Visitor: 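Next up is a structure, given as structure tokens.
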Amino acid sequence: MKILRLIIILFVLISCNKTETEDIEIDVYIPNNSGNSTTDITIIKDEFQNKKIVIAGNANYQFIVSFERELDGTLLEFSQSEIGIPIIMTDNEGNEWDIFGFAILGPRKGQRLKPTQSLIGYWFSFATFYPGIEIFPDTDRRGEFDGEKIEGSGNWLVPIDEIRSGGVGKDGIPALTNPKYNRAYSVEYLSTSDLVVGVSEGENQIAYPHDVLDWHEIINDGLGEQEYSIIYCPLTGTATAWNRNLNGKLTTFGVSGLLFNTNIVPFDRETDSAWSQLFDSSIFDELKGTKPDNLMVVETTWETWKIMFPQSNVVNFDTGYNRKYGDYPYGEYKTQDYLIFPVKYDDNRLNPKERVHAVVINGKARVYRFSNF
Amino acid sequence: MNFKGKYITIILLLFIISKTEAQTCCSGGTPLTGNLGIQGLEAKSWYFQLGYDYNFLDDLYSGTEKLDDNSRERLTQTIFLQTIYAFSEKFSANVLFSYVDQKRTIFSSIGETNITSANGLGDVVVLAQYTLFSNLKRSLTIAAGPKLPVGKFDAVDPVFGLVLSTDLQPGSGSVDGIFGGSFSESHLFDVTGLTLTSSAGYRLTSAAKRFEGDNNYRFGNEAMVSVGFLKNFLINKTGVTPSLFFRYRQTSFDKIEGFEVAGTGGKWIYLNSGLSVEPTNNWSVIVSGELPVYRNLQGTQLTTSFRINIGLAIKLYRN
């Protein structure tokens, strides 16, 4: 059985990561999962805003992902896959699903589960953007801000008095465009516990290290047919990938230097409109009210990513900017309770800097804690 | 106190100040401590100095390493007016007013230049000065007083009307305590006109309220010590005094809600060279330039590349 598993893993890894243009000898990292509890994937079935969803995660690997359970009108039942990462779930039809929601094996091979609108970040950020947010499994206690809403003012879609100047100015934090990569198996500049943000398109994946995102916050890039911008806010710890094809025009995003509720406010270079990552909308100027087209991202540790996608590309430190990429630029911000800028709703049900996974449906949010996994 | 005792006192004072956990006027902040100009005067006399300070920052440093980066620069220009009045040989008052213009320029990766600027009245420093001794050979004056937050602290950007960040504001918004002193010894090594000049200053900061009082921001404490020499010459009945001194400056982390703000604070040593021209005993023109010779910054910071200071000083004596 163990040998069979290894053969399947080897087959899946090679088939998932083969490239069209390069013939490279690689070291394939095969996870040895047998008898190791740290590789257990916890599967949670839940229903939120009348959507049946499945949430899968592993606290040691620092990832949580979530998907809608219904596919082509069929409600699937999920359990932990026996194969090992990047395959995380199996279903009642015999399909094996990977961390990005692709069916790798089984009758639905090639199909994809619909990812929920979700992201990982610090608790305080979700608490202030979604007042009254629910905390799984205690979803009946919604805190003191239940019922509060974010209302716009002036020409903004959000309260202008909660927009702050972050101190660096427009483009003061330089966004990257078309970054350079190394292959994951050859990367030596990351530590095992470093976090990366990953995207997947077809058989290819790209990882964006927090070490780079901490200094640039936005990376305009593309993979396959997708042209997108990784938007990362070090102050809320949240990462998203937005399609940068806006109304038929390909653009790039930059860092405006503004913050809304201490969360990044990107701007698009096509119309100069301001956007809010966590409000998930353009909030000022020509495109005000436009919702971004979100691509699924997976956040996890570098060690985990390298095991899952050894042939993937990883953004390297040759960015054209001279920065201390190994150094976190915000001191003790990650681990201490303070915020640099105030937020509207200060919900103290959890530690403000606890990293959680938030699922957003119909403008409401529910968070899942790593301790649940 | 005998001569030896006075020297020991001065050295101890400088040592204590230089060892104290120090400041931050933030990289682009108002250079008040550097412009204090503590000095004693003859009784019932006035001293005025109208000055201009040009502080240009485009060096990006991390620790002691200079990073290769040309994406941004800062310029702080300050016009200041210093007034000293001596009530007696011992007691005098020193008041420093300032008007500050801050400009931040960012050169984006796509060739755009984004400029943000703010200007307005800076904070005011009021010092009570006490001259411990002053004679033809030596003088020592100490001073203490508050820095009052009368400076503009709510400057907004012209595009969105949003309050600019703390480091771009002309004022600091906080009441700070300023302590300092200056010592000089003339005829050093029995050379006529050669003077040892030194000064020390310390700024003990307090927190300022930002964002409608929702947030406490405290600039780090700042310490400064300078030691150097000047030499008087008389050329065609005009006094000419070149000077050369080292200035050490140390600042501690800024704090938000009591937590240290990364990318603030550090240690600097500057080499300052100046020239004072005194056509008469009553007035003089002072020009000086300053270059950093050592920088050790906490985190990554944009820091001073050079600084120029020009002043016109007038003394009005009782008789």
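Please read these numbers as outputs of a predicted model, since none were measured by experiment. Letters A, B, ... are given to chains in the order of the sequence lines, protein chains preceding strands, and every chain is numbered from 1.
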Visitor: Please determine whether the number of non-hydrogen atoms from other residues, nucleotides or ligands lying under 6.0 Å from atom NZ of B:K66 exceeds 12.
Guide: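 12 or below, so no.
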
Visitor: Given that the side chain runs from C-beta out, which part of B:F160 has a heavy atom under 4.5 Å from chain A: side chain, backbone, both or neither?
Guide: both

Visitor: Please look at B:I106 and chain A and tell me whether the side chain, the backbone, both or neither of the residue comes under 4.5 angstrom of a heavy atom of that chain.
Guide: side chain

Visitor: Got a second to check how far A:R164's CZ is from B:L162's CG, nearest 0.5 Å?
Guide: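 It comes to 9.5 Å.
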
Visitor: What distance separates B:E260 CD from A:Y338 OH, expressed to the nearest 0.5 Å?
Guide: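 B:E260 CD to A:Y338 OH: 8.5 Å, rounded to 0.5 Å.
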
Visitor: Does any heavy atom of chain B fall under 4.5 Å from the side chain of A:P342, the backbone, both, or neither of them?
Guide: both

Visitor: Would you say that more than 12 heavy atoms from the other residues, nucleotides or ligands in this model lie under 6.0 Å from the NZ of A:K288, or not?
Guide: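 Yes, NZ of A:K288 has more than 12 neighbouring heavy atoms, counting only those of other groups under 6.0 Å.
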
Visitor: Return the option, out of A:A175, A:G254, A:G167, A:A274, with the maximum number of heavy-atom pairs under 4.5 Å with chain B.
Guide: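 The residue among A:A175, A:G254, A:G167, A:A274 with the greatest pair count is A:G167.
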
Visitor: Is A:K353 atom NZ crowded by more than 12 heavy atoms from other residues, nucleotides or ligands, each under 6.0 Å away?
Guide: yes

Visitor: Hey, which of A:T177, A:V168, A:L339 has the most heavy atom pairs under 4.5 Å with chain B?
Guide: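 Answer, by heavy-atom pair count under 4.5 Å with chain B: A:V168.
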
Visitor: What's the spacing between B:N70 CG and A:Y321 OH if we round to 0.5 Å?
Guide: 11.0 Å

Visitor: Of all heavy-atom pairs between B:S165 and A:S165, which one has the smallest distance, and what is that distance?
Guide: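 The pair with the smallest heavy-atom distance is N-OG, 3.9 Å.
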
Visitor: Drop me the distance from A:K170's NZ to B:T116's OG1, to the nearest 0.5 angstrom.
Guide: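 Atom-to-atom, A:K170:NZ and B:T116:OG1 are 10.0 Å apart.
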
Visitor: Chain A heavy atoms under 4.5 Å from B:S108: which part of the residue, side chain, backbone, both or neither?
Guide: both

Visitor: Under 4.5 Å from any heavy atom of chain A, what part of B:S109 do you find: side chain, backbone, both or neither?
Guide: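 Both parts, backbone and side chain.
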
Visitor: With a 4.5 angstrom heavy-atom cut-off, could you sort out which part of B:D68 is near chain A: side chain, backbone, both or neither?
Guide: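 Answer is both: backbone and side chain atoms of B:D68 are under 4.5 Å from chain A.
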
Visitor: Would you please indicate yes or no on a ring centroid separation below 6.0 angstrom for B:F259 and A:Y333?
Guide: no

Visitor: Using a cut-off of under 4.5 Å for heavy-atom pairs, which of B:R72, B:E65, B:R104, B:E112 has the most such pairs with chain A?
Guide: B:R104

